[in-house]
Asker: 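Here you go, one structure.
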Amino acid sequence: MTAFPHSTFENGIIHVWESRLYRTTSTLIDLGQAFLLVDPNWLPDEVGQIRDFVDSHLGNKELYVLFTHSDFDHILGYGAFPDARTIASREFLQQKNASQIITQICEFDSQYYIFRPYQVSYPHVDYVIDYDGQTLVLGQTTVYFYLAPGHTCDGLWAIIPSFPKEDTNLNKGIWIAGDYFSNIEIPLIDYSLAAYQKTVQKAFSLIASFPLVEYMIPGHGDVAISQQTISDRIQTDRRYLTLLTALATNLEIDVTLNEVHEILHSYPFPREIEKIHIQNLNKYGQSEANLPDA
């Protein structure tokens, strides 16, 4: 199998592939008697490499695919895994814009002359998650699910409290975070600022509830590999959302702008991060005039 152009993360239990586009992650977790695949994406060769890896390692294991949310870049690999049983939130299942999401995939492929060796369609959902703390036993491993609206309406987290395989002595847990808590992006709020803030607050309670979780896998960027790193990322996102709220209500505008500037320029691609910030500002009543100077 040809390696992805960008680095991957692998520790024998977790396999994280990183796309050439937007450092988007696809994750495969070995649950012992099952594989859990998360958001297979982007380009056809990348999806194909994941498919090849799964085929060469699956054996008699069951295959599940988790969709953390319905953004088109996170579902466009669905058609390559017709043998998998799928997991998503109720809001994902009831997504009113499903046809527009498929149109986005088709437009992206058309723009770049991309052919996919599978049919593009909105995912069917076999296992629907309705509430926080809902569990599924995959293979013999219990996975906990938590609704995570804010970035989108249908966000979903999954937590595996400790490493599932019996042949490892590593007693650590895994948090699949979707498009939250990235080390390369600020929060992108497509759905609701209030919902996003509540979801971030929920994250703090989950750290306390699952003290063995030391791996957090975001939808874009690097895997966090300690509780301290996880906590730092949550704190950073909460601080940004607090500052965004202050800007939206014109509170302490000068001080807030300086703090936002520091946050935006702490990321590796600040010009792109500023665009996300402008989008957030415009959605919550502010103009580009409130973007800090570069």
Side-chain angles (χ1 to χ4, degrees), residues 4 6-19 22-32 35-39 66 68-69 132-133 135 138 141-148 150-151 155-188 196-242 259 262-270 273:
F4 273 22
H6 291 284
S7 61
T8 63
F9 177 90
E10 192 278 327
N11 68 359
I13 303 290
I14 306 168
H15 305 261
V16 180
W17 292 271
E18 187 176 294
S19 173
Y22 299 103
R23 298 195 62 194
T24 314
T25 61
S26 301
T27 299
L28 183 70
I29 300 174
D30 187 344
L31 301 177
F35 275 167
L36 177 61
L37 178 61
V38 183
D39 294 349
L66 166 64
T68 62
H69 60 296
D132 285 345
T135 61
L138 309 182
T141 301
T142 300
V143 182
Y144 293 76
F145 296 91
Y146 294 86
L147 304 179
H151 169 60
L156 183 65
W157 292 336
I159 293 180
I160 302 167
S162 61
F163 274 13
K165 292 181 68 176
E166 295 179 358
D167 59 351
T168 179
N169 58 5
L170 297 175
N171 194 21
K172 298 179 180 179
I174 304 163
W175 184 341
I176 300 165
D179 275 5
Y180 290 87
F181 311 129
S182 170
N183 66 327
I184 62 166
E185 289 182 342
I186 60 173
L188 171 56
Y196 207 123
Q197 290 173 315
K198 290 179 181 179
T199 293
V200 168
Q201 194 59 38
K202 183 189 299 184
F204 284 105
S205 67
L206 291 178
I207 288 179
S209 298
F210 295 98
L212 296 180
V213 169
E214 294 193 19
Y215 292 90
M216 175 184 276
I217 305 168
H220 303 266
D222 297 311
V223 178
I225 56 173
S226 71
Q227 278 239 338
Q228 185 59 58
T229 303
I230 293 170
S231 180
D232 289 346
R233 290 192 188 183
I234 298 171
Q235 291 278 13
T236 297
D237 282 6
R238 180 168 68 173
R239 182 57 183 159
Y240 171 75
L241 295 173
T242 299
E259 291 191 60
E262 291 180 4
I263 290 176
L264 300 187
H265 286 261
S266 69
Y267 290 88
F269 302 98
I273 298 307

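Sequence positions, counted from 1, serve as the residue numbers for this chain.
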Asker: Give the intermediate values and the outcome of side-chain contact (heavy atoms from CB on, under 4.5 Å) for residues Thr199 and Tyr146.
Answerer: CA-CA 9 Å; Thr199 293; Tyr146 294 86; over 6 Å; no
Asker: Apply salt bridge (charged side-chain N to carboxylate O under 4.0 Å, His left out) to the pair Glu185 and Arg23, showing each step before the final yes or no.
Answerer: CA-CA 10 Å; Glu185 289 182 342; Arg23 298 195 62 194; over 6 Å; no
Asker: For Thr229 versus Ala224, what's the shortest heavy-atom pair and its separation?
Answerer: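 Heavy atoms of Thr229 and Ala224 come nearest at CG2-CB, 3.7 Å.
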Asker: Would Leu156 and Leu147 count as a side-chain contact (heavy atoms from CB on, under 4.5 Å) if you check the C-alpha gap in whole Å, the side-chain angles of each, and the deciding distance to 0.1 Å?
Answerer: CA-CA 5 Å; Leu156 183 65; Leu147 304 179; 4.0 Å; yes
Asker: Parallel, tilted or perpendicular: which describes the rings of Trp157 and Phe181, with under 30° parallel and over 60° perpendicular?
Answerer: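 Judged by the thresholds at 30° and 60°, the geometry between Trp157 and Phe181 is tilted.
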Asker: Calculate, to the nearest 0.5 Å, the distance between atoms NE2 and CG belonging to His220 and Asp39 respectively.
Answerer: 8.5 Å
Asker: Within the structure provided, determine whether Ile160 and Leu31 are in side-chain contact (heavy-atom separation under 4.5 Å).
Answerer: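 Ile160 reaches Leu31 side chain to side chain.
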Asker: To the nearest 0.5 Å, tell me how far Thr25 OG1 sits from Ile217 CD1.
Answerer: 7.5 Å
Asker: Find out whether Ile207 and Trp175 are in side-chain contact, i.e. whether some heavy atom of one side chain is under 4.5 Å from a heavy atom of the other.
Answerer: yes
Asker: Indicate the atoms forming the closest heavy-atom contact of Ile234 with Ala203, along with that distance.
Answerer: CD1-CB, 3.7 Å
Asker: A quick test of your reading: do over 12 heavy atoms of other residues, nucleotides or ligands sit less than 6.0 Å from CZ of Phe269?
Answerer: no
Asker: Is it the case that over 12 heavy atoms from other parts of the model lie below 6.0 angstrom from the OH atom of Tyr22?
Answerer: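 Incorrect, the count does not exceed 12.
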Asker: Counting only heavy atoms not in Ile263, do more than 12 sit closer than 6.0 Å to its CD1 atom?
Answerer: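 Result for CD1/Ile263: enclosed.
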Asker: Enter the distance from Tyr180:OH to His151:NE2 here, rounded to the nearest 0.5 Å.
Answerer: 7.0 Å
Asker: Which heavy atom of Arg233 sits nearest to which heavy atom of Pro218, and what is that distance?
Answerer: NH1-CG, 3.8 Å
Asker: Donor-acceptor pair, Gln227 side chain versus Val213 backbone, under 3.5 Å?
Answerer: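 Yes, Gln227 side chain to Val213 backbone: donor-acceptor pair under 3.5 Å.
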Asker: What are the two closest non-hydrogen atoms of Asp179 and Tyr196, and how far apart are they?
Answerer: O-OH, 3.9 Å
Asker: If I take atom CD from residue Glu18 and atom OG1 from residue Thr27, how far apart are they, to the nearest 0.5 angstrom?
Answerer: 10.5 Å
Asker: Mind listing the closest non-hydrogen atom pair of Val16 and Ile14 along with its distance?
Answerer: CG2-CG2, 3.6 Å
Asker: Flag the pair Leu37 / Leu66 as yes when at least one side-chain heavy-atom distance between them is below 4.5 Å, and no otherwise.
Answerer: no
Asker: On a heavy-atom basis, which atom in Pro187 and which in Tyr240 lie closest, and how many Å separate them?
Answerer: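 Between these two residues, the closest heavy atoms are CD-CD2, 3.6 Å.
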Asker: With sequence neighbours left out, what residues match Phe145 under ring pair (Phe, Tyr, Trp, His ring centres under 6.0 Å)?
Answerer: none
Asker: Could you tell me whether the side chain of Ile176 reaches within less than 4.5 Å of the side chain of Val143, counting heavy atoms only?
Answerer: no
Asker: What distance separates Lys198 NZ from Leu241 CG, expressed to the nearest 0.5 Å?
Answerer: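 Answer rounded to 0.5 Å: 13.5 Å.
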Asker: Could you state the interatomic distance from CD (Glu214) to CD (Gln228), rounded to the nearest 0.5 Å?
Answerer: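 The distance works out to 11.0 Å.
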Asker: Within the structure provided, determine whether Leu264 and Pro270 are in side-chain contact (heavy-atom separation under 4.5 Å).
Answerer: no
Asker: Do Lys202 and Asp132 have side-chain heavy atoms sitting under 4.5 Å apart?
Answerer: yes
Asker: Do Phe9 and Asp222 have side-chain heavy atoms sitting under 4.5 Å apart?
Answerer: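 In short, these two side chains do not touch, never coming nearer than 4.5 Å.
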